[in-house]
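Bear in mind the structure is a predicted one, so any value in this text is a computation, not a measurement. Convention: sequence-line order gives letters A, B, ...; per-chain numbering from 1.
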Protein chains: 2
Amino acid sequence: MEKYHHSTRILVALDCIVFGFDGEALKLLLVKRNFEPEKGKWSLMGGFLEENEDLEVATNRILYDLTGLKDIYFEEIQTFGKVNRDPVERTLSVCFFALINIHAHDQDAVKAQNAFWINIENKPNLIFDHNEMVNVALERLRYKAALHPIGFELLPEKFTIPQLQKLYEAIYQIPLDRRNFSRKILSTNLLIDTGEKNQQSATKKAILYRLDKEKYQNKFNAFHYFISDSMR
Amino acid sequence: MEKYHHSTRILVALDCIVFGFDGEALKLLLVKRNFEPEKGKWSLMGGFLEENEDLEVATNRILYDLTGLKDIYFEEIQTFGKVNRDPVERTLSVCFFALINIHAHDQDAVKAQNAFWINIENKPNLIFDHNEMVNVALERLRYKAALHPIGFELLPEKFTIPQLQKLYEAIYQIPLDRRNFSRKILSTNLLIDTGEKNQQSATKKAILYRLDKEKYQNKFNAFHYFISDSMR
DNA sequence: TCAAAAGTGTTGAGTGTACACCCATGT
DNA sequence: ACATGGGTGTACACTCAACACTTTTGA
């Protein structure tokens with residue numbers, strides 16, 4: 001290990017993949033850059049780590065600037081560190097993804113950043129290594145959502161089981177059986193019947209549920225837990 | 001987003017949690033520091049990211065310097081970025097864990113770094129935030145090993161099923177049923193019978209298997225795959 | 001011949017999957 | 001009345017957990 005002063009100090013950026021769900025498709029919040037470098041092209045939302053700022057604080061700052069929301073669910077994915085990943089100057093990028101309720105964000109904040117919600121199937125080409133970041137993020141989302149109940153983070157506070165099913169179908173791009181899905185979700189006991197029904201539906205109105213936040217915390221890891229008891 | 005030159009450039013370190021298994025207990029390769037800062041105390045093995053070095057290259061360099069091994073299995077865990085985590089100067093730490101066959105490493109390299117294998121239950125107190133890093137790494141190892149066949153990375157090329165079982169028992173600190181474990185492992189079809197038997201055993205000699213590396217690559221994600229078909 | 005470790009077999013309980021059926025709503 | 005979407009029920013197949021039993025080896 002070298003002495004501290006021998007080593008190089010480098011720029012540290014944070015880049016964020018923001019996922020949303022509009023009821024039909026999985027969406028990404030992407031920035032049409034009106035600033036240099038690569039002005040006019042698409043990129044992820046990002047920023048630089050500041051001098052006296054914890055990494056986690058910087059993440060929250062960037063998410064807040066973009067969406068106007070606090071307490072967003074986010075998760076670090078990976079730190080990207082190829083020497084030439086940023087052509088202007090060597091920059092490390094700590095990359096994370098965030099899940100937000102697409103209806104709750106501050107539209108003015110999004111406009112101010114020149115950001116837009118884009119269907120994940122229509123994702124434009126992004127600058128630098130941002131395409132790879134999105135790929136890794138999507139993979140991680142799929143992995144995580146299969147094992148832990150993070151899907152709820154993308155829905156409004158009150159939601160129906162069919163809505164939740166559509167979300168999972170959008171994430172995995174596969175059809176799911178309505179009846180088995182319902183039973184599986186209800187068997188987690190994470191949902192509380194609000195007594196209300198979804199008035200938007202044209203046919204039978206679905207029950208609106210909300211998340212049991214206490215159980216959500218406790219069961220977060222137990223959701224599909226490991227060493228599946230099966231081996232004991 | 002600011003202009004590049006407005007932002008601070010900071011030191012970037014890499015810290016590595018090296019896991020090993022001696023047949024009985026899970027072990028960590030820790031460094032008794034014979035250099036400043038915190039000379040005389042215990043820490044993880046680490047180093048600084050160099051000027052024209054990809055992050056991944058730096059990881060391999062650090063692992064090679066410590067163990068004399070190449071092509072080690074490793075995985076990034078998290079980047080630690082609290083402002084005051086390093087009292088000498090602000091330093092970001094990209095943290096990862098590695099799994100190695102404890103019998104294959106270069107003992108001279110380890111000695112040169114003043115590193116020692118320590119039972120995970122006897123882990124001494126470590127400097128800075130290295131204790132937290134070990135906690136996160138162990139959690140991640142447990143998570144990952146339950147879903148993917150990474151345990152093999154800790155064993156010699158040829159190994160027996162009882163050895164593999166002891167490894168899992170060491171990782172999770174729980175007893176496993178011999179008969180069910182054996183069937184479960186064999187049902188993955190990842191093991192190839194070498195025709196040889198473990199000569200060390202005092203009683204009945206167990207069959208030595210080796211990993212089917214091709215299937216290992218293909219099945220890595222399928223091992224315990226998601227959206228467990230159960231929902232289709 | 002006996003103890004200890006390794007390998008194979010079996011069974012009941014529980015879970016998941018693929019269905020069928022019924023209910024509520026607006027046109 | 002009927003089409004559409006939401007909610008509940010059921011049977012079969014499969015998997016897992018908890019066992020018993022047999023085989024191999026060295027002392």
Side-chain angles (χ1 to χ4, degrees), chain A residues 23-24 146-147 149 155-156 158-170 172 174-210 219 222-232, chain B residues 23-24 146-147 149 155-156 158-170 172 174-210 219 222-232:
Chain A
E24 292 299 328
L147 301 167
L155 293 176
K158 295 177 185 176
F159 54 88
T160 68
I161 289 182
Q163 280 169 358
L164 190 61
Q165 182 179 341
K166 284 206 166 175
L167 168 61
Y168 277 91
E169 289 176 330
Y172 296 102
I174 52 168
L176 300 173
D177 183 275
R178 201 167 47 84
R179 300 152 285 193
N180 292 331
F181 182 83
S182 172
R183 227 172 322 100
K184 182 133 185 170
I185 291 294
L186 288 174
S187 75
T188 64
N189 278 91
L190 288 173
L191 300 194
I192 299 174
D193 188 334
T194 63
E196 301 169 61
K197 299 209 166 184
N198 180 17
Q199 293 306 325
Q200 291 160 26
S201 168
T203 63
K204 183 171 180 178
K205 279 120 174 71
I207 299 168
L208 282 163
Y209 292 91
R210 62 184 176 79
K219 279 203 163 187
F223 191 56
H224 190 196
Y225 212 44
F226 323 131
I227 282 284
S228 45
D229 292 18
S230 47
M231 280 183 166
R232 293 187 192 249
Chain B
E24 293 298 328
L147 300 167
L155 293 176
K158 295 176 185 175
F159 55 88
T160 69
I161 290 182
Q163 280 169 0
L164 190 61
Q165 182 180 340
K166 283 206 166 173
L167 167 60
Y168 278 91
E169 290 176 332
Y172 297 101
I174 51 167
L176 301 173
D177 183 275
R178 201 166 49 82
R179 300 152 285 194
N180 294 331
F181 182 83
S182 172
R183 228 173 317 98
K184 182 134 187 171
I185 292 294
L186 289 174
S187 74
T188 65
N189 278 88
L190 288 172
L191 300 193
I192 299 174
D193 188 334
T194 63
E196 299 169 63
K197 299 208 168 183
N198 181 16
Q199 292 306 325
Q200 292 163 24
S201 168
T203 62
K204 182 169 182 179
K205 278 120 174 71
I207 298 168
L208 282 164
Y209 292 90
R210 63 184 174 80
K219 280 202 164 187
F223 190 57
H224 190 196
Y225 212 43
F226 320 132
I227 282 286
S228 50
D229 292 20
S230 48
M231 281 182 166
R232 294 186 191 249

Specify the separation, in whole Å, of atom [atom1] of [X] and atom [atom2] of [N].
| X | N | atom1 | atom2 | answer |
| --- | --- | --- | --- | --- |
| A:Phe181 | C:dT15 | CZ | P | 19 Å |
| A:Leu164 | D:dG6 | CG | P | 13 Å |
| B:Asn180 | D:dA20 | CG | C1' | 13 Å |
| B:Asp177 | D:dT15 | CG | P | 18 Å |
| B:Lys184 | C:dG9 | NZ | P | 19 Å |
| B:Arg179 | C:dT8 | CZ | C1' | 11 Å |
| A:Gln199 | D:dG5 | CD | P | 17 Å |
| A:Asn198 | C:dC23 | CG | C1' | 17 Å |

**OP:** Pick base, sugar-phosphate or nothing for B:Ile207, based on heavy-atom distances below 4.0 Å to the nucleic acid.
**Re:**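 Here B:Ile207 touches the backbone only, sparing every base.
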**OP:** Name the residue closer to the 5' end of DNA chain C, choosing between B:Ser201 and A:Ala202 according to the nucleotide with the nearest heavy atom.
**Re:**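 Counting from the 5' end, the first nearest nucleotide belongs to B:Ser201.
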Any side-chain heavy atom of [X] sitting closer than 4.5 Å to one from [Y]?
| X | Y | answer |
| --- | --- | --- |
| B:Leu164 | B:Phe181 | yes |
| A:Leu155 | A:Leu167 | yes |
| B:Gln163 | B:Gln165 | no |
| A:Leu176 | A:Tyr168 | yes |

Original post:
How far does CZ of A:Arg183 sit from CG of A:Asp177, to the nearest 0.5 angstrom?
Top reply: 8.0 Å
Subject >> side-chain N/O A:Lys205 vs C:dG26 OP1/OP2, d < 4.0 Å >> reply: yes
Original post:
Among C:dC23, C:dA18, C:dG7, which nucleotide sits nearest the side chain of B:Pro162?
Top reply: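 My answer, after comparing the listed nucleotides, is C:dG7.
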Subject >> Selected nucleotide, minimal atom distance to A:Ala206 side chain, candidates D:dG6, D:dT10, C:dA5 >> reply: D:dG6
Original post:
For DNA chain D, whose closest nucleotide is more 5', that of A:Arg178 or that of B:Arg183?
Top reply: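 Closest to the 5' end, via its nearest nucleotide, is A:Arg178.
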